[in-house]
Amino acid sequence: MSAASMPGPMPVLFLGHGSPMNAIEDNAWRRSWQALGKRLPRPKAILCISAHWETQGVYVGSAEHPETIHDFRGFPKALFDVRYPAPGSPELAHRVAELVRTPRVHFDSHRGLDHGVWSVLQPMYPEADIPVVPLSLSSLQPGAWHYDLARQLDPLRDEGVLVVGSGNIVHNLRYWRMGQTEPLDWAQRFDEDIADRIAEGHHEGMMGYETLGPDALLAVPTPEHYLPLLYVLGLQREGDAVEFINEDVVGPISMRSVLIGA
């Protein structure tokens with residue numbers, strides 16, 4: 001049986017997205033995303049929680065034709081030329097609002113797709129023919145709040161929706177230096193600690209990541225890149241297989257991705 005015809009619930013996926021240049025450079029990370037797009041069951045739609053849409057309250061993008069947002073500067077023109085013209089899905093946006101009993105979900109009919117969304121989906125689904133809906137991060141809320149919100153979205157897995165969290169387990173650009181290739185010690189330790197907790201199913205400690213010691217405070221100086229991981233963990237079901245992809249730490253950034261339920 002081909003991957004595209006596999007029965008059962010959709011898997012869930014956390015992608016360490018790193019630099020937006022990964023969308024156009026030929027590297028191992030981008031090639032792994034291309035392979036995932038060919039391997040996973042074809043979704044009816046994609047719900048993406050990106051580190052790059054922070055809000056007060058919860059918003060879901062309901063545009064029929066979301067624009068490609070170039071929310072960065074200092075990169076080559078080739079990156080600004082990228083367009084990812086995937087359709088939106090007001091139907092999925094309303095389904096999200098229906099499923100989430102609390103907090104209230106607001107609609108944003110003008111929100112496009114930021115680079116945390118398109119930089120990973122463009123390699124996975126280059127035809128841009130699968131509807132994509134962004135879900136915002138109310139980043140001032142604690143980890144358990146995000147985890148509980150994600151659990152309310154569980155029915156989407158049985159409705160053909162691929163839920164993708166896009167961020168980085170370790171992301172501290174204050175320590176980034178051009179040309180870095182080797183991991184910083186604290187970044188490597190925190191990445192491996194979180195990987196062990198994911199493998200063992202110890203989600204509770206990861207919700208309160210800020211209590212996990214000095215490495216955590218360096219690895220997650222602000223929560224927006226870490227929180228998308230909690231949405232994926234919140235959708236894990238008993239018996240779901242866990243697979244790590246791109247188990248690389250480059251300086252102060254972890255590229256580790258997590259595939260659950262495939």
Side-chain angles (χ1 to χ4, degrees), residues 10-20 22-23 29 32-33 36 43 45-61 69 71 92 96 100 103 105 111 113-124 132-154 156-157 161-173 190-191 194-195 197-198 203 205-210 216 219-236 240 242-246 253-261:
M10 288 295 297
V12 289
L13 180 63
F14 172 78
L15 292 173
H17 67 236
S19 167
N22 294 325
W29 305 318
S32 77
W33 301 337
L36 276 172
I46 298 168
L47 180 70
C48 189
I49 303 96
S50 163
H52 297 284
W53 188 18
E54 295 182 78
T55 56
Q56 293 185 8
V58 179
Y59 288 78
V60 62
I69 303 174
D71 49 340
L92 175 56
V96 169
V100 178
V105 175
R111 179 67 185 184
L113 306 179
D114 62 63
H115 80 268
V117 180
W118 60 259
S119 69
V120 293
L121 295 187
Q122 195 277 339
M124 289 182 68
V132 179
V133 169
L135 180 64
S136 78
L137 281 174
S138 185
S139 57
L140 296 179
Q141 297 291 344
W145 184 94
H146 294 274
Y147 186 89
D148 290 342
L149 191 159
R151 291 180 67 82
Q152 298 178 65
L153 298 171
D154 178 79
L156 295 179
R157 292 189 61 185
V161 176
L162 176 64
V163 179
V164 176
S166 178
N168 294 98
I169 292 174
V170 180
H171 186 272
N172 191 336
L173 295 183
F190 185 76
D191 176 75
I194 293 298
R197 292 171 186 271
I198 293 171
H203 293 180
M206 288 183 285
M207 295 182 219
Y209 63 89
E210 62 271 26
V220 190
T222 56
E224 74 281 354
H225 277 78
Y226 180 89
L227 291 174
L229 172 67
L230 298 183
Y231 284 79
V232 172
L233 297 178
L235 289 168
Q236 184 174 0
D240 276 345
V242 176
E243 178 181 345
F244 295 121
I245 302 164
N246 295 340
I253 297 175
S254 164
M255 293 298 294
R256 183 184 298 272
S257 298
V258 186
L259 176 62
I260 292 176

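Side-chain atoms of S254 come within 3.5 Å of backbone atoms of R256 as a donor-acceptor pair (strictly under, hydrogens ignored).
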Requested in this report: Verify side chain to side chain contact (heavy atoms under 4.5 Å, CB included) between M206 and I194, making sure each step is shown before the conclusion.
Outcome: CA-CA 7 Å; M206 288 183 285; I194 293 298; 3.8 Å; yes
Requested in this report: Check the pair V117, W53 against side chain to side chain contact (heavy atoms under 4.5 Å, CB included), reporting the backbone distance first and the verdict last.
Outcome: CA-CA 10 Å; V117 180; W53 188 18; over 6 Å; no
Query raised in the report: Checking side chain to side chain contact (heavy atoms under 4.5 Å, CB included) for the pair V60/V100: CA distance, chi angles, key distance, verdict?
Result: CA-CA 11 Å; V60 62; V100 178; over 6 Å; no
Query raised in the report: When you look at V105 and Q152, which way does the side chain to side chain contact (heavy atoms under 4.5 Å, CB included) test go after all the steps?
Result: CA-CA 12 Å; V105 175; Q152 298 178 65; over 6 Å; no
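Between the CG atom of L233 and the CZ atom of R151 there is a distance of 11.0 Å, given to the nearest 0.5 Å. Taken from CG in L229 to CD1 in I49, the straight-line distance is 11.0 Å, to the nearest 0.5 Å. Annotation: the span from F14 atom CZ to I260 atom CD1 amounts to 10.5 Å, rounded to 0.5 Å. Summarising the geometry, atom CG belonging to D148 is positioned 11.0 Å from atom CD belonging to Q141; distances are rounded to the nearest 0.5 Å. In this structure, D191 CG and I253 CD1 are separated by 12.0 Å, a value rounded to the nearest 0.5 Å. If you take CG on L162 and CG on L121, they are separated by 8.0 Å, rounding to the nearest 0.5 Å.
Residues P11 and L259 come closest through the heavy atom pair CB-CD1, 4.0 Å. Considering all non-hydrogen atoms of both residues, L15 and S257 come closest at CA-OG, 3.4 Å. For the pair Y209 and V220, the tightest heavy-atom approach, listed with the atom from each and the gap, is CE1-CG1, 3.4 Å. G165 and V232 make their closest contact through N-CG2, 3.8 Å (heavy atoms, listed as atom of the first residue, atom of the second, distance). Nearest heavy atom pair, residue G116 against residue S50, reads CA-OG, 3.5 Å. Contact record, P228 with A51: CG-N, 4.0 Å, taken as the closest heavy-atom pair.
Contact annotation: the side chain of S166 approaches that of C48 to within less than 4.5 Å [non-hydrogen atoms, C-beta and beyond]. Annotation: side chain of R111 is in contact with side chain of I69 (closest heavy-atom distance under 4.5 Å). Side-chain contact between L156 and V96 is present, with heavy atoms from C-beta onward closer than 4.5 Å. Residues V242 and Q236 meet the side-chain proximity criterion, which asks for heavy atoms closer than 4.5 Å. Taking the side chain as every heavy atom from C-beta outward, F244 and V258 approach each other to under 4.5 Å. Contact of the V161 side chain with the V133 side chain is not registered, since no non-hydrogen atoms from C-beta on lie closer than 4.5 Å. Contact check for P103 versus W145: side-chain heavy atoms found under the 4.5 Å cut-off. A heavy-atom distance below 4.5 Å is not found between the side chains of V132 and W118.
Under the 30°/60° scheme for interplanar angles, the aromatic rings of H17 and H115 are found to stand perpendicular. Note on ring orientation: taking the six-membered ring where Trp is involved, the planes of H52 and H225 are perpendicular (angle over 60°, cut-offs 30° and 60°).
Side chains of Y231 and H146: a donor-acceptor N/O pair is present below 3.5 angstrom, by distance only.
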